[in-house]
Amino acid sequence: MAAKLNEIILHNTLSNRVEPLAPMHPGEVRIYTCGPTVYSFAHIGNFRTFIFQDVLRRFFRLRGFRVLQVMNITDVDDRIIHNAAAAGVPIREYTEKYIKAFLEDIDALHIEMPEELVRATDHIDDMVALIEKLQAKGLTYNSDGSIYFRISKFHDYGKLSKIDVSGMQAGARRVDVDQYEKDDARDFALWKSPKSGEHFWETRIGAGRPGWHIECSAMAMKYLGDTIDIHTGGVDLAFPHHENEIAQSESATGQPFVRMWLHAEHLIINGQKMSKSLGNFYTLRDLFAKGYKPSTIRFLLLSVPYRRQLNFTEDGLIQAKNSVERLRNFVARLQAEQFAAGSNPEMEKRIEKADAEFDAGLADDVNTARALAAIFDLVRDVNAAMDRHEFLQQDAPRAVAAMEKFDSVLAVLVDDDDQKLRGLGIATSKVQLAVSQIEALIEERNAARRSRDFKRSDEIRRQLSDSGILLEDTKDGSVRWKYK
RNA sequence: GGCGCGGUCGCCAAGUGGUAAGGCAAAGGUCUGCAAAACCUUUAACGGCGGUUCGAUUCCGCCCCGCGCCUCCA
């Protein structure tokens, strides 16, 4: 399916094909995103998915849509309860640290804050109300104080993941990993009775804690309505998590729960799935500590279209870093270099072409590779035009504006990596120099060069280099600097 | 076993029934006190075997290889 002019097409897991975006509320797109479970630091695989949904929402906004996005934070689950108990602290206190880390991480990666970032433990009442609704319809049963959803009562079960649930009972894998008693192995817990010593809530439906799936249904519908435009998450969540969300929500409301399901493919590392046993499990902080920049990681994670598995490698990081450099160098050149007066209509046309191609790429199921190619094409053509002196002074602001527009989606052009890393307490250079110090040293070096004191000028160049500052002597005699 | 995804230059990665984007790397060049950086240019690719077709990397079949999901999972 080819996109018509201005149409945004997206791949919907439910139909397994691309469909045009058609929000329920004109001019506004409502998105629910499965956020992190804060039992530990999020890993880069998580951020692949979060960066995808960030690119998506940024593109919607560039297209003039209002975005209402809800992201949940799952701050109660088995691992959290277990870890908090082991640490001897209340779960709320245990998760605080990881929520804070998550917020810092998304800030470092320029992932925009969703309009609503909501915690599961702040919505117990909403979950209880939803469970009561399901109980009233006779879709649940109690067992050992826990409440289960009876899947046999929902005939569309499996429509998202296309899974054959009838085979699950005799499945090749173990079926019942839970210690709770269930009528049918396929049924899932809406509400779990407390085990001894565990944190629990005293509610109208009894003491206990919510199951994972009910959290998302309750919070999504509370903020976004019974039917949501877009629900995003990692591919692994399609079954059973999203399947269960559909069963609960549609049973409760009788309405379609989600119009478009968007699933981001997984990231693998050196050809293998991330796992702790293989020792290839990276958090963002691991990578920052190894010297990689936030912009490098963001670029790498967004450069591969979201429905393609991304093989995360050291080489990939180097390539991403250099690609970002090329874009930043281009903008720096546009801003610093002096061009002949006037404007070249050809340049204006060329920039408009890039703009259209960038947009078309993203409108085609968020094809970031296509969108990036449009930018790099422009960079090369404009650089060549500048070399040929066909690029004029009035063209520069137009080109800068185009790059800034592209960056409203990419968010990698502004060189604030050093600042972001320092904010996380990670020092990036051996000697930290203030911008004013750097500029003073450059001025001193320029003076030395003018008096042909190359010994002194090379000394300053080395000193700056040791502090992570790279100098670039340009053709017109000016000097640019940047962080390595 | 069931379901699904993918194999395009050295690496990453678009795309198409008829001249195969882009990035990184490499090579050459421009610039420079030197150097670096930057920029330009160039090179080079559709897993295998059949089939359909005037023509297949693109459609169909089989095979080989890699990966994912099948109630922890982004």
Side-chain angles (χ1 to χ4, degrees), chain A residues 16 33-37 39 42-53 77-79 158 161-165 167-168 170-178 182 185-189 212-213 232-241 243-244 263-268 271-275 299-300 303-305 307-311 313 315-316 318-327 329-330 332-333 337 357 361 364 367-377 379-380 383-384 386-388 449 452-454 457-458 461 465 470-477 479-482 484:
Chain A
N16 196 29
T33 299
C34 282
T37 301
Y39 68 101
H43 56 70
I44 51 170
N46 294 309
F47 289 112
R48 202 277 239 255
T49 303
F50 297 141
I51 285 177
F52 156 63
Q53 55 82 17
D77 87 326
D78 288 341
R79 291 163 297 188
S161 53
K162 320 289 185 290
I163 207 148
D164 178 10
V165 288
M168 281 173 60
R173 289 181 122 222
R174 69 200 165 128
V175 162
D176 189 3
V177 296
D178 214 320
K182 297 190 277 190
R186 303 171 297 168
D187 294 340
F188 57 91
W212 176 33
H213 315 299
T232 67
V235 280
D236 53 316
L237 296 187
F239 186 87
H241 183 52
E243 203 72 69
N244 292 348
H263 288 106
E265 252 301 343
H266 273 175
L267 174 155
I268 55 178
Q272 292 184 300
K273 186 178 178 177
M274 275 191 301
S275 78
F299 186 90
L300 176 57
S303 65
V304 178
R307 289 208 296 133
R308 188 184 176 107
Q309 238 175 33
L310 190 159
N311 188 14
T313 62
D315 198 43
I318 294 166
Q319 294 181 12
K321 177 181 191 294
N322 291 336
S323 299
V324 172
E325 277 304 306
R326 179 164 169 81
L327 298 176
N329 288 334
F330 176 63
R333 184 178 183 188
E337 201 161 310
E357 287 175 350
D364 177 16
N367 189 334
T368 46
R370 248 183 89 181
L372 286 172
I375 301 175
F376 282 107
D377 275 335
V379 169
R380 188 195 55 242
N383 270 323
M386 289 192 277
D387 289 352
R388 290 193 306 265
R449 290 176 75 205
R452 305 192 67 78
D453 180 359
F454 297 122
S457 84
D458 289 352
R461 184 163 68 195
S465 174
L470 190 64
L471 296 188
E472 183 182 332
D473 295 333
T474 62
K475 281 180 195 138
D476 61 11
V479 178
R480 286 212 299 264
W481 66 272
K482 62 188 177 188
K484 284 184 192 167

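Note on naming: letters A, B, ... go to the chains in the order of the sequence lines (proteins, then strands), and numbering restarts at 1 for each one.
Comparing A:Asn244 and A:Lys482 along RNA chain B, the residue whose closest nucleotide (by nearest heavy atom) sits nearer the 5' end is A:Lys482. Summary of the strand contacts: A:Arg449 and A:Pro36 both lie near RNA chain B, and taking for each the nucleotide with the nearest heavy atom, the more 5' one is attributed to A:Arg449.
A 4.5 Å side-chain heavy-atom check between A:Phe299 and A:Leu327 finds at least one atom pair inside the cut-off. With contacts defined as side-chain heavy-atom distances shorter than 4.5 Å, the pair A:Glu265/A:Val304 does not qualify.
The base of B:G23 is not paired with the side chain of A:Asp377 by any donor and acceptor separated by under 3.5 Å. Taking 3.5 Å as the limit, the base of B:A25 and the side chain of A:Asn322 contain no donor-acceptor pair of atoms between them.
If you take NE2 of A:His263 and P of B:C5, they are 15 Å apart, rounded to a whole angstrom. If you measure from atom CG of A:Asp387 to atom P of B:U30, you get 13 Å, rounded to the nearest angstrom. Atom CG of A:Leu237 is separated from atom P of B:C70 by 10 Å (rounded to the nearest Å). The separation between A:Leu327 atom CG and B:A38 atom P is 12 Å, rounded to whole Å. Between the P atom of B:C24 and the CG atom of A:Leu372 lies a distance of 11 Å, rounded to the nearest Å. Counting to the nearest Å, the P atom of B:A36 and the CZ atom of A:Arg461 are 9 Å from each other. Nucleotide B:U30 holds its C1' atom 15 Å from the CE atom of A:Met386, rounded to whole Å. A straight line from CD of A:Glu243 to C1' of B:C70 spans 12 Å, rounded to a whole angstrom.
Checked against ring pair (Phe, Tyr, Trp, His ring centres under 6.0 Å), A:His266 has no partners two or more places apart in sequence or in another chain. When the side-chain hydrogen bond (donor to acceptor under 3.5 Å, both in side chains) test is applied to A:Arg333, the partners found at least two apart in sequence or on another chain are A:Glu337, A:Asn383, A:Asp387. In terms of the side-chain hydrogen bond (donor to acceptor under 3.5 Å, both in side chains) criterion, residue partners of A:Ser161 (sequence neighbours excluded) are, by chain and number, A:Glu243. Residues satisfying the salt bridge (Lys or Arg N to Asp or Glu O under 4.0 Å) criterion with A:Arg308, sequence neighbours excluded, are absent altogether. By the ring pair (Phe, Tyr, Trp, His ring centres under 6.0 Å) test, A:Phe188 pairs with A:Phe149, A:His213, sequence neighbours left out.
Closest contact between the side chain of A:Arg380 and the listed nucleotides B:C24, B:A74, B:U41 involves B:U41. Closest to the side chain of A:Arg326, out of B:C39, B:A38, B:A74, is B:C39. Here B:A36 is the nucleotide among B:C70, B:A74, B:A36 with the atom lying nearest to any side-chain atom of A:Leu470. Set against B:A21, B:C40, B:C34, the side chain of A:Ala373 has B:A21 as its closest nucleotide. In the set B:C72, B:C39, B:G33, the nucleotide with an atom closest to the side chain of A:Arg452 is B:G33.
Rounded to the nearest Å, the gap between the P atom of B:U19 and that of B:U58 is 13 Å. The same atom, P, is picked in B:U8 and in B:U53; the two are 29 Å apart, to the nearest Å. Across the C1' atoms, B:A20 and B:U57 are found 8 Å apart, a figure rounded to whole Å. Look at the C1' atom in both B:C69 and B:A74: the space between them is 14 Å, to the nearest Å. If you take atom C1' in B:C11 and the same atom in B:C62, they sit 31 Å apart, rounded to whole Å. For the C1' atoms, the distance from B:A56 to B:G18 is 10 Å, rounded to whole Å. The same atom, C1', is picked in B:U16 and in B:C34; the two are 50 Å apart, to the nearest Å. Using atom P as the reference point in both B:A14 and B:C9, the two lie 13 Å apart (nearest Å).
Across all strands, A:Ser457 comes closer than 4.0 Å to base atoms (heavy-atom distances). Within 4.0 Å of A:His241, counting heavy atoms only, lies no atom of the nucleic acid at all. Among the heavy atoms of the strands lying under 4.0 Å from A:Phe454 is at least one base atom, whether or not backbone atoms are also near. Heavy atoms of A:Ile318 sit nowhere under 4.0 angstrom from any nucleic acid atom.
For B:U53, there is no paired base (Watson-Crick or G-U wobble, both distances below 3.5 Å). In this structure B:G28 sits in a base pair with B:C40, meeting the Watson-Crick or G-U test at under 3.5 Å. Searching all strands for a Watson-Crick or G-U wobble partner of B:G66 with both distances below 3.5 Å returns B:C5. Across all strands shown, B:A21 forms no Watson-Crick or G-U wobble pair with both key distances under 3.5 Å. Base-pair partner of B:U71: not found among the strands shown (Watson-Crick or G-U wobble, both distances under 3.5 Å).
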List the protein contact pattern of nucleotides 7-14 of chain B with one symbol per nucleotide (5' to 3'): B for base contact, S for sugar-phosphate-only contact, - for none; contact means a heavy-atom distance under 4.0 Å.
-> ----BSSS

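Neither OP1 nor OP2 of B:C73 sits under 4.0 Å from any side-chain N or O of A:Arg79.
When all heavy atoms of A:Cys34 and A:Leu237 are compared, the closest pair comes out as CB-CD1, 3.7 Å. Contact record, A:Arg48 with A:Pro305: NH1-O, 3.7 Å, taken as the closest heavy-atom pair.
No donor-acceptor pair closer than 3.5 Å links the side chain of A:Ser465 to the backbone N or O of A:Arg461.
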